[in-house]
J.: 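Below is one structure. I have some questions about it.
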Protein chains: 2
Amino acid sequence: MGASYYQFCPVAKAMELLDERWTLLIVRELLSGSGRFNELRRGVPRMSPTLLSKRLNQLARAGVLTKKDDRYILTPAGEELRPVVEALAVWGVRWIGELGDQDLDPQLLLWDMRRNIVPGALPAHRTVILFAFPDVPARTRHWWLVLTPDNADVCDTDPGFEVSVTVTADLRDMVRIWRGDLSWPDALRSGALDLQGPETVRRTLPTWFALSPFAAVPRPAIHHVGGNS
Amino acid sequence: MGASYYQFCPVAKAMELLDERWTLLIVRELLSGSGRFNELRRGVPRMSPTLLSKRLNQLARAGVLTKKDDRYILTPAGEELRPVVEALAVWGVRWIGELGDQDLDPQLLLWDMRRNIVPGALPAHRTVILFAFPDVPARTRHWWLVLTPDNADVCDTDPGFEVSVTVTADLRDMVRIWRGDLSWPDALRSGALDLQGPETVRRTLPTWFALSPFAAVPRPAIHHVGGNS
DNA sequence: CTGCATCCGACTCGATACTG
DNA sequence: CAGTATCGAGTCGGATGCAG
């Protein structure tokens with residue numbers, strides 16, 4: 001447990017548990033459907049496994065989750081953290097518009113997109129999307145998304161299948177699209193994003209993905225730069 | 001600023017600022033109407049003034065508050081943290097029912113009660129309530145609340161006025177009443193709380209205070225002990 | 001009284017390597 | 001796949017001091 005605040009205030013009692021670094025991000029992952037240890041790790045790749053393990057045990061002791069057969073499951077108390085996480089996300093998307101270059105992790109983006117594929121919107125046959133991020137170091141520049149009607153795989157090495165459509169964009173712009181800061185049509189019009197492939201695929205591709213659940217949150221008139229400085 | 005999570009996720013970006021110890025409690029105080037440095041201190045008495053100052057500066061840099069003439073004021077971004085704090089309070093009151101003895105700070109209780117006096121419910125003349133907490137060390141056992149129709153003062157030493165009514169209860173029970181875990185009538189019936197004074201005053205006293213804003217939140221059927229262990 | 005700055009011990013985090 | 005072990009660096013928190 002985090003250190004006590006020595007207050008009976010419910011906010012203080014909640015934060016004793018929840019204000020520790022990484023804790024609510026783990027809850028976010030669990031709310032998004034991840035359950036296994038290494039699945040959770042992919043959602044918090046910069047967290048050491050030691051600390052993840054520690055946090056999971058803390059959350060279990062606090063009654064937020066339980067472990068069953070190598071799967072971590074939210075309890076009702078944990079499920080009820082959804083409004084907290086959602087309120088934070090709404091606030092974050094409205095007031096922390098400026099992202100540092102360090103925040104743009106292509107693996108997290110592809111992982112997120114994979115999670116939010118619209119079931120039933122995909123073509124009936126296997127479709128392979130190649131994402132190319134010219135502004136990213138070679139090592140993580142290319143990503144493949146292998147889509148079949150009932151499965152989706154993210155690869156950071158060429159899986160060997162024929163590419164159906166290539167998406168080229170700066171990673172920053174792809175993230176902005178995903179977050180709802182930039183619309184898909186605007187990105188295409190301005191040239192920030194380029195699609196190469198058969199026209200029918202190019203036209204329907206944007207319908208295959210639901211954007212971030214908070215992409216539609218209305219933004220304030222003025223943004224403040226949340227100082228990474 | 002807190003350390004970065006290196007994620008574009010809005011929850012992560014929000015938590016970079018908000019997951020640091022004390023930060024959301026300061027926001028809670030500001031949302032409750034406190035504005036001056038030492039007013040804020042009374043809401044977070046265990047926080048060192050150095051750290052409070054540091055956090056206030058961080059929040060100012062992040063655009064959550066501004067300082068004007070020795071008063072800290074929430075910006076629109078700060079005001080929009082209200083849903084976050086409320087969601088946390090609702091969760092806390094539902095799932096962290098067990099309070100440690102250390103959490104029962106009489107000063108915070110009296111301060112909270114003072115803040116939530118129902119305007120217009122008070123008698124027309126000066127009324128003095130003496131709170132006696134037999135389970136508390138002598139130093140902080142007695143508290144006086146001096147009420148006039150347009151003012152209320154908390155004293156930890158006898159202000160000298162005649163006491164209109166004496167409230168005797170274990171601090172834990174008084175806090176439970178305040179949080180909505182125990183009703184005023186139930187406390188009187190069981191003897192957990194005792195009122196001494198004229199009958200009219202004894203009858204109306206419970207109407208002078210609004211309970212904690214989260215006292216009315218429905219509780220889950222089963223509580224989990226949020227381990228202070 | 002208000003609003004900080006400095007100093008220092010205790011603790012926590014993060015990086016890396018390692019085990020069943 | 002699912003975690004543990006170890007250790008240096010950084011941060012928190014409390015005491016103390018000091019300007020306006």
Side-chain angles (χ1 to χ4, degrees), chain A residues 1-7 12 15-26 29-30 34-62 65-73 102-103 105 111 153-154 227-228, chain B residues 1-7 12 15-26 29-30 34-62 65-73 102-103 105 107 111 153-157 228-229:
Chain A
M1 278 283 302
S4 176
Y5 285 116
Y6 303 110
Q7 298 196 2
M15 289 309 276
E16 283 181 16
L17 175 68
L18 303 174
D19 72 359
E20 286 196 299
R21 196 163 158 72
W22 297 109
T23 299
L24 275 179
L25 299 195
I26 295 167
E29 288 303 304
L30 290 161
S34 293
R36 317 191 67 112
F37 191 84
N38 281 321
E39 209 175 355
L40 293 168
R41 281 197 71 179
R42 275 187 285 270
V44 283
R46 312 277 300 222
M47 187 182 195
S48 83
T50 307
L51 198 51
L52 174 57
S53 172
K54 181 179 170 188
R55 287 284 183 278
L56 289 168
N57 286 324
Q58 289 176 281
L59 288 169
R61 259 179 289 135
L65 56 81
T66 56
K67 186 176 173 179
K68 245 192 194 87
D69 306 330
D70 282 355
R71 291 194 69 84
Y72 297 92
I73 315 272
Q102 306 268 37
D103 298 329
D105 182 328
W111 197 254
D153 284 318
V154 173
N228 261 12
Chain B
M1 278 283 303
S4 177
Y5 285 115
Y6 302 109
Q7 297 197 3
M15 289 309 276
E16 284 180 14
L17 175 67
L18 302 174
D19 71 359
E20 285 197 300
R21 197 164 156 70
W22 298 109
T23 299
L24 274 180
L25 300 195
I26 296 167
E29 287 303 304
L30 290 161
S34 292
R36 319 191 64 112
F37 190 82
N38 281 320
E39 208 175 357
L40 294 168
R41 280 197 70 180
R42 275 187 285 269
V44 284
R46 313 276 301 220
M47 187 181 194
S48 81
T50 307
L51 198 50
L52 174 56
S53 171
K54 181 178 169 187
R55 287 286 182 279
L56 288 169
N57 286 324
Q58 289 176 282
L59 288 169
R61 257 179 290 135
L65 57 80
T66 56
K67 187 176 174 180
K68 246 195 192 85
D69 306 329
D70 284 353
R71 291 195 70 84
Y72 297 92
I73 316 273
Q102 306 268 38
D103 298 331
D105 182 326
Q107 174 151 17
W111 198 253
D153 283 319
V154 173
C155 309
D156 59 357
T157 56
N228 262 11
S229 55

J.: Counting only side-chain heavy atoms from C-beta out, which of C/dA5, D/dA2, C/dA15 sits nearest to A/N38?
T.: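 Out of C/dA5, D/dA2, C/dA15, the nucleotide with an atom closest to A/N38's side chain is D/dA2.
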J.: Give the C-alpha distance, both sets of side-chain angles, the deciding distance and a yes or no for side-chain contact (heavy atoms from CB on, under 4.5 Å) between A/Y72 and A/L30.
T.: CA-CA 8 Å; A/Y72 297 92; A/L30 290 161; 4.0 Å; yes
J.: Take the protein atom CD of B/E39 and the nucleotide atom P of C/dC1, then report the distance between them rounded to whole Å.
T.: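 Whole-Å distance recorded here is 16 Å.
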J.: Test of understanding: with ring pair (Phe, Tyr, Trp, His ring centres under 6.0 Å), list the residues that count as partners of A/F37, not counting sequence neighbours.
T.: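 By the ring pair (Phe, Tyr, Trp, His ring centres under 6.0 Å) rule, A/F37 matches no residue at all.
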J.: Note the angle between the end axes of the helix from C/dC1-D/dG20 to C/dG20-D/dC1, five pairs defining each, rounded to 10 degrees.
T.: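 Helix axis angle between the two ends: 40°.
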J.: Between A/N57 and B/M47, just flag the one whose closest nucleotide in DNA chain D comes earlier from the 5' side.
T.: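 Looking at DNA chain D, the more 5' nearest nucleotide goes with A/N57.
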J.: Could you tell me which non-hydrogen atom of A/W22 sits nearest to which non-hydrogen atom of B/Q7, and how far apart they are?
T.: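 Smallest interatomic distance, heavy atoms only, reads CZ3-NE2, 4.4 Å.
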J.: State which residues pass ring pair (Phe, Tyr, Trp, His ring centres under 6.0 Å) with A/W111; sequence neighbours excluded, sorted by chain then number.
T.: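 Expected list: none.
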J.: Give one of base, sugar-phosphate or nothing for B/R41, where a contact means two heavy atoms less than 4.0 Å apart.
T.: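 If one applies the 4.0 Å heavy-atom cut-off, B/R41 turns out to touch nothing in the nucleic acid.
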J.: Atom CZ of B/R71 and atom P of C/dG3: how far apart are they, to the nearest Å?
T.: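 Answer to the nearest Å: 10 Å.
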J.: If you assign each of A/K67 and B/P49 to its closest nucleotide in DNA chain D, which residue comes earlier from the 5' end?
T.: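 Checking each residue's closest nucleotide, the 5'-ward one belongs to A/K67.
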J.: In this structure, how many angstroms lie between the C1' atom of C/dG14 and the CG atom of A/L25, rounded?
T.: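 After rounding, the reported distance stands at 15 Å.
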J.: Could I get the full list of side chain to side chain contact (heavy atoms under 4.5 Å, CB included) partners for A/N38, not counting sequence neighbours?
T.: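 With neighbours one apart ignored, the set is A/R41.
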J.: Using whole Å, report how far CZ of B/R36 lies from P of C/dT2.
T.: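 Between P of C/dT2 and CZ of B/R36: 8 Å.
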J.: So which heavy atom on A/L56 is nearest to which on A/L40, and how close?
T.: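 Scanning both residues, the minimum pair turns out to be CD2-CD1, 3.9 Å.
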J.: Can you give me the N/O atom pairs linking the protein to nucleotides 7-13 of chain C at distances under 3.5 Å, or say none if there are none?
T.:
from	atom 1	to	atom 2	distance (Å)
C/dC13	OP1	A/R55	NH2	2.7

J.: Tell me the interatomic distance from A/I26, atom CD1, to D/dG3, atom P, rounded to whole angstroms.
T.: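 Spelled out: CD1 on A/I26 to P on D/dG3 is 12 Å.
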J.: Expressed as a whole number of angstroms, how long is the span from B/F37:CZ to C/dG3:C1'?
T.: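 Rounding to the nearest Å, CZ of B/F37 and C1' of C/dG3 are 5 Å apart.
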J.: Got B/R71 and B/E39 here, is their nearest side-chain heavy-atom distance under 4.5 Å?
T.: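 Result yes, sub-4.5 Å side-chain heavy-atom pair found.
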J.: Side-chain N or O of A/Y72 versus OP1/OP2 of D/dG3: is the shortest distance under 4.0 Å?
T.: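 A/Y72 to D/dG3 OP1/OP2: side-chain N or O found under 4.0 Å.
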J.: Given atom CG of A/L40 and atom P of D/dA2, what is their separation to the nearest angstrom?
T.: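 In whole Å, D/dA2 P lies 9 Å from A/L40 CG.
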J.: Could you check whether any side-chain heavy atom of A/R36 comes within less than 4.5 Å of a side-chain heavy atom of A/D70, counting everything from C-beta outward?
T.: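 With C-beta onward as the side chain, the pair touches.
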J.: Pairs under 3.5 angstrom only: tabulate donor-acceptor contacts from the side chains of residues 42-55 of chain B to other protein residues two or more places apart or in another chain.
T.:
from	atom 1	to	atom 2	distance (Å)
B/S48	OG	B/L51	N	3.1
B/R55	NE	B/R21	O	2.9
B/R55	NE	B/T23	OG1	3.4
B/R55	NH1	B/Q58	OE1	2.9
B/R55	NH2	B/R21	O	3.3

J.: Rounded to whole angstroms, how far apart are CD on B/E16 and C1' on D/dT11?
T.: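 After rounding, the reported distance stands at 17 Å.
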